[in-house]
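Have a look at the structure below before the remarks.
Residue numbers start at 1 and run along the sequence shown. All values reported here derive from a predicted model rather than from experimental measurement.
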Amino acid sequence: MKKLLIILTAGTFFLQANAQIKTTVRNQKRNDRESQLTTRTFTVGEAEFDMKTLFWKDKNEVVNSIGCKFGNHPRNGGWDRWNFLRLHYKEKNKTVNILQECESVGVAVFSADGTPAADLSFPVTPEAQAQIRIMAFQSHPNWLFLRIRCPQVPGLTPTFLQLTAYPGGAAALKERERSVATRENVYDLTGQSASFTPQSGAFALFNRFASQEYGNLAVFNPEDFPRIEIFTAAAQVLIRFYLKENVREICLAIGSFSKVSADDFLPRFLNEESGSVLEFLKNVKWDTPVDAAGIKEKINFIRHEMKKQNADYPQFGKLEQQAEKAIAESDLVLFSQTEAELDTIRKELVRKGLEAFK
């Protein structure tokens, strides 16, 4: 198995294999409130993502958002480049986006047998984390494949996954009317929402009277969602995939079309292409094995040197447990964090051993 290079930057652990994460930190002040905005930008295939964490210093609050630049749409159109994905849980009489206030969000970018991929890890509680895996296959260059793992959180119930898009542009054009088409129906979103139980596994967002050659696409297993609701807010189109009770994993594919006639494209997509994409989605091998042998070798080396040098690292036992968990769950974010911490201990033991040898 090809080993992945582990790099630590700006307090964030990530895997890199022909991929990069660019981290920028900016201090801001608004209405006498000071904040710090950390943006981690990375690519998966043809898509660019911005993982943003806004820290409000006065209240010690964190606000996360995930932007996705995907689809060649004008005027900042396509999937929402500011905050395209939210995972809502029900808490008593309200719903909360559990991704929004998580601290220490992990980002791993890697190649899985030549397929560009990324993992996002959101620690909702110390014991539970939401995980998002994004993959871009060469066989389907116009699509992104997503897997969202929903954690069990006491007192909270998974309710819906929300995606946001701006088909054809983020500007609010008066003449433009938003619509959504499935194989079975076409819904006008002007001043109203579309709510339906999916029968076929795809829909297309498109426009009338303006931006007609642009739209957004989604493919999914219709059995996974009891209801889908789609509505507009200004220029936004918001899509809510309502979740089954006790759901633990959501898989779907997102794409777009541009510079083609919607009248020509939609029948072909809904009746032909969407079926082949759905079949591919159902057979995606999501889990990527980590380098279990390599990390176990490091653990054994550290254990041997600790005994030889009579050294004590209180965190070593916890790191062993983390490594076992990362291997069992193929958790690349946890794996990279654990391996980087083990490397720190290993290097220190090697340095002390060389000094003693002198």
Hey, does the side chain of S211 reach the backbone of Y214 with a donor-acceptor pair shorter than 3.5 angstrom?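 Judged by distance alone, no pair lies under 3.5 Å.
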Under 3.5 Å, is there a donor-acceptor pair between the side chain of R33 and the main chain of K59?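 No; zero donor-acceptor contacts below 3.5 Å.
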Flag the pair [X] / [Y] as yes when at least one side-chain heavy-atom distance between them is below 4.5 Å, and no otherwise.
| X | Y | answer |
| --- | --- | --- |
| P167 | V237 | yes |
| T23 | T38 | yes |
| N64 | L99 | no |
| W286 | M135 | yes |
| F206 | F265 | no |
| Y89 | C150 | yes |
| N142 | S256 | no |
| L217 | W143 | yes |

Parallel under 30°, tilted from 30 to 60°, perpendicular over 60°: which one fits the rings of F203 and F220?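 Because their plane-to-plane angle lies in the 30° to 60° range, the rings of F203 and F220 count as tilted.
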Heavy-atom closest pair, residues [X] and [Y]:
| X | Y | answer |
| --- | --- | --- |
| I254 | L146 | CD1-CD1, 4.3 Å |
| T182 | L270 | O-CD1, 3.5 Å |
| F257 | L205 | CE2-O, 3.9 Å |
| K244 | P226 | CG-CD, 3.8 Å |
| W79 | G255 | NE1-O, 3.0 Å |

State whether D50 and R81 are salt-bridged, where the test is any N-O pair (Lys NZ or Arg NE/NH1/NH2 against Asp/Glu carboxylate O) under 4.0 Å.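 No salt bridge links D50 with R81.
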Ring pair (Phe, Tyr, Trp, His ring centres under 6.0 Å), that's the test. Do F70 and F84 meet it? Break it down for me. CA-CA 11 Å; F70 184 53; F84 99 107; 9.4 Å; no
Using side-chain contact (heavy atoms from CB on, under 4.5 Å), reason through N83 and K52 one step at a time and then give a plain yes or no. CA-CA 9 Å; N83 197 2; K52 294 187 177 183; over 6 Å; no
Begin with the C-alpha distance, continue with both residues' side-chain angles, and end with the deciding distance and a verdict on salt bridge (charged side-chain N to carboxylate O under 4.0 Å, His left out) for E48 and K69. CA-CA 5 Å; E48 181 177 283; K69 301 172 188 175; 3.1 Å; yes
Rounded to the nearest 0.5 Å, what separation is found between the CD atom of Q192 and the CG atom of D188?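 These two atoms lie 5.0 Å from each other.
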So, taking the atom named CD in Q212 and the one named CG in N207, what distance separates them when rounded to the nearest 0.5 Å?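 The distance works out to 8.0 Å.
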Steps toward side-chain hydrogen bond (donor to acceptor under 3.5 Å, both in side chains) verdict (Q131, R133): CA-CA 7 Å; Q131 296 176 318; R133 173 156 292 186; over 6 Å; no
If the condition is side-chain hydrogen bond (donor to acceptor under 3.5 Å, both in side chains), which residues does T157 pass it with, not counting sequence neighbours?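 Testing T157 for side-chain hydrogen bond (donor to acceptor under 3.5 Å, both in side chains), a comparison that skips the adjacent residues, returns none.
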Please identify each residue that fulfils salt bridge (charged side-chain N to carboxylate O under 4.0 Å, His left out) with R149, with sequence neighbours left out.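 Listed in chain order: E249, D287.
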